[in-house]
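Remember, it's a predicted structure, so these values are computed and weren't measured experimentally.
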Amino acid sequence: MANLTRGLDAQGYIAREGSLARIGEPFRPVVAAARDRLLDVFGARMTGAYLYGSVPRGTARPGRSDLDLLLALRAEPTEADRADARMLDESLDKEFAQVDGVGTLLYSRERVLSALETYDLGWFVACLCTPLLAEDLAEYLPRYRPTSLLARETNGDLALFLPRWREQIAAAAPDDLRGLQRRTARHLVRTGFTLVMPRWNGWTSDLVEMAEVFGEYYPRWAGRMRATAAAAQDPTGDLDALHTYTEEIGPWLAAEYARVHGIKNPRP
């Protein structure tokens, strides 16, 4: 039986979150359309498709939540694959008002199952993704505990994101700032949570709970992390907040993460 307060099963492994049965009624037509279009667009190019995020967890809010998809492809994604995914995302977002954006991640089946990705992308698929179509790669992956190794390999690369975020903020049009704030705030909250995850010995994807758990161990930063979690759910596109992420919270969190868990193994 799962430990509902800490996201672990009876053996102490992270329980897979989400299921098709939890999808709220407003989002069922969107998911049905996504399933059909993935088959039409990608067909034999993909070995499996997944949902992740608030929709399969049953916590999505109509008009406020986005739809997140992940595809495992038979080969490494090409520019043509990415263009097809963008078109699919845009069509779903335009047609269904109940979602505020659609995003599709593309990876090769080989990469998901690679040794280098076992404690990052592999864990993500096995624990945070809900099978939607065809093969479920979780069958070929290990079970996971909330360890320092998992923390390092999932979020031990925050320092690499900070300069990218600064460039994106500087170049962003006003209409793009809300989406940028949502992405960066989510990333920071999740990184703050996984920093303390091994000590807390559990898993959650609830951003508010993540911020609260983090605050138990780093009370000095608790208020700022709570505000970041609130912005991740209801972004305003505030430039001052975005600069706080890149110049205050982000640099401190990256340094503390490296001190506690080390730096994520580099990817090619």
Can you confirm whether [X] sits close enough to [Y] that some side-chain heavy atom of one is under 4.5 Å from a side-chain heavy atom of the other?
{"X": "Ile14", "Y": "Leu128", "answer": "no"}
{"X": "Asn201", "Y": "Pro146", "answer": "yes"}
{"X": "Ser54", "Y": "Asp68", "answer": "no"}
{"X": "Leu242", "Y": "Leu177", "answer": "yes"}
{"X": "Thr78", "Y": "Leu73", "answer": "no"}
{"X": "Phe27", "Y": "Phe96", "answer": "no"}
{"X": "Leu150", "Y": "Arg145", "answer": "no"}
{"X": "Leu20", "Y": "Leu51", "answer": "yes"}

Taking all heavy atoms of [X] and all of [Y], pick out the closest pair and write down the distance.
{"X": "Phe42", "Y": "Asp81", "answer": "CZ-O, 3.7 Å"}
{"X": "Cys129", "Y": "Tyr52", "answer": "SG-CB, 4.0 Å"}
{"X": "Ala72", "Y": "Leu137", "answer": "CB-CD1, 4.0 Å"}
{"X": "Leu69", "Y": "Ala34", "answer": "CD1-CB, 4.4 Å"}
{"X": "Arg267", "Y": "Leu116", "answer": "NH2-O, 3.0 Å"}
{"X": "Tyr257", "Y": "Thr194", "answer": "OH-OG1, 2.8 Å"}

Checklist outcome for this item: Arg190 meets the side chain to side chain donor-acceptor pair (under 3.5 Å) criterion, sequence neighbours left out, with none
Checklist entry - Just checking, Arg164 and Phe161: is the charged tip under 6.0 Å from the six-membered ring centre and within 45° of the axis? => result yes
I'd like to know if [X] pairs up with [Y] as an ion pair, taking the criterion as any Lys NZ or Arg NE/NH1/NH2 lying under 4.0 Å from an Asp or Glu carboxylate oxygen.
{"X": "Arg186", "Y": "Asp66", "result": "yes"}
{"X": "Arg111", "Y": "Glu76", "result": "no"}
{"X": "Arg226", "Y": "Glu216", "result": "no"}
{"X": "Lys264", "Y": "Glu153", "result": "no"}
{"X": "Asp136", "Y": "Arg16", "result": "yes"}
{"X": "Asp84", "Y": "Arg45", "result": "yes"}

Identify whether [X] and [Y] are in the same connected component of the hydrophobic contact network (ILVMFWY, side-chain heavy atoms under 4.5 Å).
{"X": "Leu113", "Y": "Tyr107", "answer": "yes"}
{"X": "Phe214", "Y": "Met197", "answer": "yes"}
{"X": "Tyr140", "Y": "Met46", "answer": "no"}
{"X": "Leu133", "Y": "Val125", "answer": "no"}
{"X": "Val41", "Y": "Leu70", "answer": "no"}

Item to check | Check against side chain to side chain contact (heavy atoms under 4.5 Å, CB included), Leu188 and Leu158 | outcome: CA-CA 8 Å; Leu188 288 173; Leu158 177 60; 4.1 Å; yes
Pairing residues for [X] by the side-chain contact (heavy atoms from CB on, under 4.5 Å) criterion, not counting sequence neighbours:
{"X": "Ser91", "answer": "Arg37"}
{"X": "Arg152", "answer": "Leu149, His261, Asn265"}
{"X": "Gln233", "answer": "Arg61, Leu207, Val208"}
{"X": "Pro235", "answer": "Arg178, Gln181, Arg182"}

Check whether [X] reaches the backbone of [Y] with its side chain - one donor and one acceptor, N or O, closer than 3.5 Å.
{"X": "Arg74", "Y": "Thr47", "answer": "no"}
{"X": "Thr118", "Y": "Ser114", "answer": "yes"}
{"X": "Glu135", "Y": "Gly48", "answer": "no"}
{"X": "His187", "Y": "Arg183", "answer": "no"}

Checklist entry - With sequence neighbours excluded, what pairs up with Glu247 under the salt bridge (charged side-chain N to carboxylate O under 4.0 Å, His left out) test? => result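 For Glu247, the residues satisfying salt bridge (charged side-chain N to carboxylate O under 4.0 Å, His left out) (neighbours in sequence not counted) are Arg166.
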Next on the checklist: Tell me if the centroids of the rings in Trp200 and Phe193 come within less than 6.0 Å of each other.
Outcome noted: yes
Checklist entry - Is the centre of the Trp203 ring less than 6.0 Å from the centre of the Tyr144 ring? => result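 Ring centres of Tyr144 and Trp203 not closer than 6.0 Å.
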In Å, rounded to the nearest 0.5 Å, how long is the span from [atom1] of [X] to [atom2] of [Y]?
{"X": "Asp176", "Y": "Ile169", "atom1": "CG", "atom2": "CD1", "value": "12.0 Å"}
{"X": "Arg86", "Y": "Leu106", "atom1": "CZ", "atom2": "CG", "value": "9.5 Å"}
{"X": "Tyr50", "Y": "Leu132", "atom1": "OH", "atom2": "CG", "value": "10.5 Å"}
{"X": "Leu141", "Y": "Cys127", "atom1": "CG", "atom2": "SG", "value": "9.0 Å"}
{"X": "Asp89", "Y": "Leu67", "atom1": "CG", "atom2": "CG", "value": "8.5 Å"}
{"X": "Tyr13", "Y": "Arg143", "atom1": "OH", "atom2": "CZ", "value": "5.5 Å"}

Checklist entry - Should we count CD1 of Ile263 as having more than 12 external heavy atoms under 6.0 Å? => result no
Next on the checklist: Could you go through Leu71 and Leu105, starting from their C-alpha distance and side-chain angles, then the distance that decides it, and tell me whether this counts as side chain to side chain contact (heavy atoms under 4.5 Å, CB included)?
Outcome noted: CA-CA 6 Å; Leu71 305 188; Leu105 300 177; over 6 Å; no
Next on the checklist: Pair Asp100, Arg64 - check side chain to side chain contact (heavy atoms under 4.5 Å, CB included), show working.
Outcome noted: CA-CA 5 Å; Asp100 182 17; Arg64 307 286 286 278; 5.7 Å; no
Next on the checklist: Could you tell me if Tyr218 and Glu256 have a donor-acceptor pair between their side chains, going purely by distance under 3.5 Å?
Outcome noted: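 Distance-only check passes for Glu256 and Tyr218.
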Next on the checklist: Against Thr191, only a single residue in Leu253, Ile249, Asp157 fulfils side-chain contact (heavy atoms from CB on, under 4.5 Å); can you say which?
Outcome noted: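 Of all the options given, the one that passes is Leu253.
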